[in-house]
2 protein chains.
Amino acid sequence: MTRMETDAEAQMATAIRVLAMDAVEAAKSGHPGAPMGMADVAAVLFNRFMRIDPADDKWPDRDRFVMSAGHGSMLVYAINHMLGYDDMPVEQLRAFRQLGSRTAGHPEYGHARGIETTTGPLGQGITTAVGMALAERMMNARFGDDLVDHWTYVICGDGCLMEGVSQEAIDFAGHQHLGRMVVLWDDNRITIDGATDLSTGTDQQARFAASGWHVQAVDGHDREAVARAIQAARTDDRPSMIACRTVIGYGAPNKQGSHDVHGAPLGKDEIAAARQHLGWTHDPFELPQAILDSWRAVSARGATARSAWQERLTRSPLKPRFSAMLAAPDASALRRAITEHAERIAVERPSVATRKASEMALEVVNATLPNTIGGSADLTGSNNTRTKGMAAITAADRGGRYVHYGIREHGMAAIMNGIALHGGFIPYGGTFLAFSDYSRPAIRLGALMGVPVVHVMTHDSIGLGEDGPTHQPVEHVAALRAIPNLTVFRPADAIETAEAWEIALTAPATPSVLCLSRQNLPTVRDLARVNMTRQGAYVLRETQGPRDVTLIATGSEVELALGAADLLVARGVAAAVVSAPSFELFAARPQIDREEVLGAAPRIGIEALIRQGWDGLFLRPGDGFIGMTGFGASAPAPALYRHFGLTAEAAADLAQQLITGGK
Amino acid sequence: MTRMETDAEAQMATAIRVLAMDAVEAAKSGHPGAPMGMADVAAVLFNRFMRIDPADDKWPDRDRFVMSAGHGSMLVYAINHMLGYDDMPVEQLRAFRQLGSRTAGHPEYGHARGIETTTGPLGQGITTAVGMALAERMMNARFGDDLVDHWTYVICGDGCLMEGVSQEAIDFAGHQHLGRMVVLWDDNRITIDGATDLSTGTDQQARFAASGWHVQAVDGHDREAVARAIQAARTDDRPSMIACRTVIGYGAPNKQGSHDVHGAPLGKDEIAAARQHLGWTHDPFELPQAILDSWRAVSARGATARSAWQERLTRSPLKPRFSAMLAAPDASALRRAITEHAERIAVERPSVATRKASEMALEVVNATLPNTIGGSADLTGSNNTRTKGMAAITAADRGGRYVHYGIREHGMAAIMNGIALHGGFIPYGGTFLAFSDYSRPAIRLGALMGVPVVHVMTHDSIGLGEDGPTHQPVEHVAALRAIPNLTVFRPADAIETAEAWEIALTAPATPSVLCLSRQNLPTVRDLARVNMTRQGAYVLRETQGPRDVTLIATGSEVELALGAADLLVARGVAAAVVSAPSFELFAARPQIDREEVLGAAPRIGIEALIRQGWDGLFLRPGDGFIGMTGFGASAPAPALYRHFGLTAEAAADLAQQLITGGK
């Protein structure tokens, strides 16, 4: 046996390899290639650098580790098992990819301790990690090295670097000079289809360097070289990328280096050969105490660091503020402030776009909550996301509260997930609603993880006007309503907008999307003491006697519904108006409550979007709908509303038709 | 006056500037900054290089020009007006951004001649152009320089290069060595929020070079330098990027160089100042004949080239094959081949995954249609997109029919749009359905343009199994059904899969998504002579007497519905089964036909996805649904189906409950 094989750290790596191949074999599914290829790098990283304490996986100053190549999840589970996370006993490894286990096919945030973010959809991990690294520097700017002094390490693969969102991450991190981020690229030159040169020829080192990164290349199986590179990365003040040249499936003597080991079990024979090759004599899932001791020493080092940190925190005059930043937002203070603001609006009755109303609400929010972080994907003036005195967060000064995310909607959403996951801040960020398509993969991942970020999506219909159908969402609200655990708001006026903000910011584990108008809208609510948006949908205007018809609308079309009701009243028709700012919140209410709001009379839905999502929840067979059936067009908004038949007259006429038809 | 200002080419540029600022002013909305900044570059490009003939905007060998920075649409409209496109008279410029005009806010494919692709959502243009440049080389490989010898020019801005998808485009184009692509980057260092250095620090030249591009930098207002650079780009065999350092809004003396000119009219005073500064004495939309003559000379040069090309084509022995490639696919041949294939399946009754069934259908399709181009975003073996003998298209040999798109779902979809827009090929490409979120912006743009590409989306439910919720689509089908002018198929067996392919490939102006199972499914259809998928939904199994219940299912759940029907029959309940492979096609049928298929009995929808989209079209209040209400989980597929209550037993029990409840 060579020194390398007997060396304790080498054994730590070998244990990752064996656990990964055995767990994949047991599951009859999974990806042994990446964990086996990156085992040496991971062993060095954890053994010599990572500062974590499995006894407190929420320790704020822990180092973050993100397995961006999420299909290599067994690397995470193997390590966390050996580190001694108490929710990762060997039974979990045996139950890899089985129903109810914490060891899901891809690492799932919240399923087990020590998983910092859900990964799997490629490119998400590295981009989310940028948000973590940014948040670390933002906390550091506020609390100093004594309390905030940690690192964000990422293992990513070729897939992560081929996904476009990685460019958004790399450019942003380089520009923000996030020197505490270290990316370990698993440069194995293999993808599922075969060699990487089937589809890419990019010099990744040059690419990272072009965005201001510190770049190194090492043999990923030379642990001393890896250690030197990580040390150099930590010394350099730029974000660092280390190209770790590895052999995929390293240790499987006949299959390593080929795409065969990427995503399938090695098989009994190859596992036997690998055991022999690695000098591993133990049964599946059996670990010698010496190896466990090596891993537990990492945890012990972390525990010592955490104790020291805890003492520093206890002694620190900043402790109350630090704790407040990390705590849930003060819901009662926010409620008071928002209610006061909403009541003022109910008196002043401004006619403003809801994107402007959002800014007005944010003035209150940002004055009340110290840790909101605003931003926009280069549409600050259009999204109205920056309130008074919000300084930009720059490489030179991370004390600000506003992020210029650049023209990177997808990156913005993933970075916001990372900021929220890191803790300490509540991020919100703006773009046009039509571009929610760009950020959708990260919005979905946030919903899956239950990360409470707020997506501010303005220009929410054909009301956008002249920019035309490329920029006019018609199906995006329906598509967002389809995502589980995501609350979509389309508020009708400044009061509902403020209410939506209150709900969004106090939802503990649900991201939100605020769909906001470009065009001015009147204040439609009279009372603002009770947050009616929380009901999802509510009667905005009731009839005197029994209803002849109920007009149900959202956002900018509530004004139109009220206009239609006026016309109908003039024609002797009793029309009630329901405002429905959030379908999800309404759907969550008991059926009996919903029926009471909606009534038995014929119903008409009005929304300048497609109908999908209205039936079942609001509309029954025979009920009517005024909205869009296809893409929009380029013209001033009033012309478009007329052109597409979105008028009070059309709604009133349809109502009369329904009533007559029903009689 | 300096020579530059009197020079004919300078006047061509000045005319772009003045038309752009005047049209934006007239519309009271739009983006003067980019057209004014890039006017010199565009004048050089068209005056000295572009080979197009406005009399035949579909000439196959024309150069392609893509304004990736689509907000600068007035540059396109001004040029096309001056070139003499007969659908772009001055009235269209006066009607910029008005209802019914061809001069939409962003250039819309199909609205006016000479617009090669719809742009506006940033990054789409440059990526779509990569598809065009690839298609040019693919046609060239088949028909030689005599018939195929054109260039793809792109103007892109900072926004395009910040969007992640641009990296997918750059990497792919560099790897494919697309030397006939020239990107002219409007390096004006301004974005909407302000200076580019608010959000980016990437050295774009180094970035392109890292992906194997030929890179140059010039003063974008030095026309001779621009011309030399384009000439050098054409000489080099790599794709070329020319960084054109420009002043945004060049010509507006007080506002140029600032983000104020990006997206708002200049205003009366500044326009007057610009007229003075540019030495322009003409009224708005008035053009001196000399300038028009200069532009018309470009068109005349193109007309001559086109005549010569037409003669070459007429003389060419390749003419029939060339014309066939560019014509619509032979629908009757395809129908014959697919029907024969389907009838064979009806006899053999294989139990195969629909992704495998898709491959079986593609063997027939690819043998019948000479110009289908397959591909996958690095999931070839999983998507089953490569049929026998399909050689890879590589930089060294473009004669193949299969594209390794790499791990770039978004880029793949946009590149496929470009291949289809170029003409000559019918592209289809595969990924996992969950990653349709990544490609969504390009899928949408294809639907808006009416480009008939086929998105092959496999692993279409929790049937994916162990990879878990990140990879399990639950809301994606609903979200895709929401996109206008997109046909979504979820076939139940190998017959429906073949039928879906036939419909998708013969739809003249509608892209399609095929949602295909990972897991094996039995053949459920008995007859295959008539394409029943074309009905959208149809009765797969009718009851003997009156129906007690109708079970409606799609894809993998049709098997489950048949199982439930068996259970119900055994319990004495008359249960019909409707297969619903395409909601869009069903929705397009007359109400009376739909009622006949669905019947009056209680209905149960069964789909291992969320319910959104089922109500209204299939389900009424009181009807039932068996499906998903949230994200999936990681486990073997059969365990997941049981866990989430997606079983024949559950469906049968719900049916009995409904019938009893209704009686």
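Predicted model only: the values in this text are computed from it and were never measured. Every chain is numbered from 1 and lettered A, B, ... according to where its sequence line falls, protein lines coming before strand lines.
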Test log, rule side chain to side chain contact (heavy atoms under 4.5 Å, CB included), inputs A:Arg620 and B:Arg620: CA-CA 7 Å; A:Arg620 304 152 304 184; B:Arg620 304 151 304 183; over 6 Å; no

Closest non-hydrogen atom pair, A:Leu198 against B:His404: O-CB, 3.7 Å

Identified side-chain hydrogen bond (donor to acceptor under 3.5 Å, both in side chains) counterpart of A:Asp467 within the set B:His31, B:Arg97, B:His71: B:Arg97

Minimum heavy-atom distance between B:Ala206 and A:Ala210, given as atom pair plus value: CB-CB, 3.6 Å

Which atoms of B:Thr200 approach chain A - backbone, side chain, both or neither, heavy atom under 4.5 Å: both

Nearest heavy atoms of B:Pro121 and A:Thr470, plus distance in Å: CD-CB, 3.6 Å

Partner chain B: residue of A:Gly212, A:Pro469, A:Ala639, A:Gly201 with the largest heavy-atom pair count (under 4.5 Å): A:Pro469

Interface moiety of B:Phe435 toward chain A, non-hydrogen atoms closer than 4.5 Å: side chain

Per-residue contact mode, B:Leu445 against chain A (heavy atom under 4.5 angstrom): side chain

Close side-chain approach of A:Ser634 and B:Ser101, heavy atoms under 4.5 Å: no

Validation row: A:Arg207, B:Ser211 side chains within 4.5 angstrom (heavy atoms): no

Part of A:Gln205 within contact of chain B (heavy atom distance under 4.5 Å): neither

Heavy-atom closest pair, residues B:Gly159 and A:Ile407: CA-CD1, 3.3 Å

Pairs of heavy atoms under 4.5 Å with chain B: top-ranked of A:Ile443, A:Ile610, A:Asp158, A:Leu448: A:Leu448

Which portion of B:Ala447 sits near chain A, non-hydrogen atoms under 4.5 angstrom: both

Side-chain heavy atoms of A:Arg444 within contact of B:His476, under 4.5 Å: yes

Residue B:Gln176 versus chain A: region with a heavy atom under 4.5 Å: neither

Partner chain B: residue of A:Thr196, A:Asp203, A:Ile192 with the largest heavy-atom pair count (under 4.5 Å): A:Ile192

Aromatic plane relationship, B:His410 with A:Tyr438 - under 30° parallel, 30 to 60° tilted, over 60° perpendicular: perpendicular

Heavy-atom proximity to chain A below 4.5 Å, by part of B:Val474: both

Side chain / backbone / both / neither for B:Ser29 at chain A, heavy atoms under 4.5 Å: side chain

Close side-chain approach of A:Arg408 to B:Glu163, heavy-atom, < 4.5 Å: no

A:Gly164 backbone acceptor or donor facing B:Glu168 side chain under 3.5 Å: yes

Nearest heavy atoms of B:Asp437 and A:Arg440, plus distance in Å: OD1-NE, 2.9 Å

Among A:His643, A:Met628, A:Gln612, residue most engaged with chain B (heavy-atom pairs, under 4.5 Å): A:Gln612

Engaged part of B:Ser439 at the chain A interface, taking heavy atoms whose separation is under 4.5 Å: neither

A:Asp378 to B:Asp193 - nearest heavy-atom pair and separation: OD1-N, 2.9 Å

Heavy-atom contact with chain A under 4.5 Å, split by part of B:Gln472: backbone

Which atoms of B:Ile170 approach chain A - backbone, side chain, both or neither, heavy atom under 4.5 Å: neither

Residue among B:Thr394, B:Leu379, B:Asn485, B:Leu640 with most heavy-atom pairs under 4.5 Å to chain A: B:Leu379

Which portion of A:Thr119 sits near chain B, non-hydrogen atoms under 4.5 angstrom: backbone

Residue pair B:Ser199 / A:Tyr405, side-chain heavy-atom distance below 4.5 Å: no

Chain B contacts, top residue of A:Ala442, A:Gly616, A:Ser382, A:Ala633 (heavy-atom pairs, under 4.5 Å): A:Gly616

B:Ala392, part contacting chain A, at a heavy-atom distance under 4.5 Å: neither

Top of A:Ala395, A:Ala479, A:Gly613 for chain B proximity - count of heavy-atom pairs under 4.5 angstrom: A:Ala479

Atom pair CG/CZ of B:Asp615 and A:Arg611 - distance to nearest 0.5 Å: 10.5 Å

Distance (rounded to the nearest 0.5 Å) between A:Thr202 OG1 and B:Phe172 CZ: 12.0 Å

Contact origin within B:Arg481 toward chain A - heavy atom pairs under 4.5 Å: both

Side-chain heavy-atom pair A:Gln167, B:Met162 within 4.5 angstrom cut-off: no

Which atoms of A:Thr118 approach chain B - backbone, side chain, both or neither, heavy atom under 4.5 Å: side chain

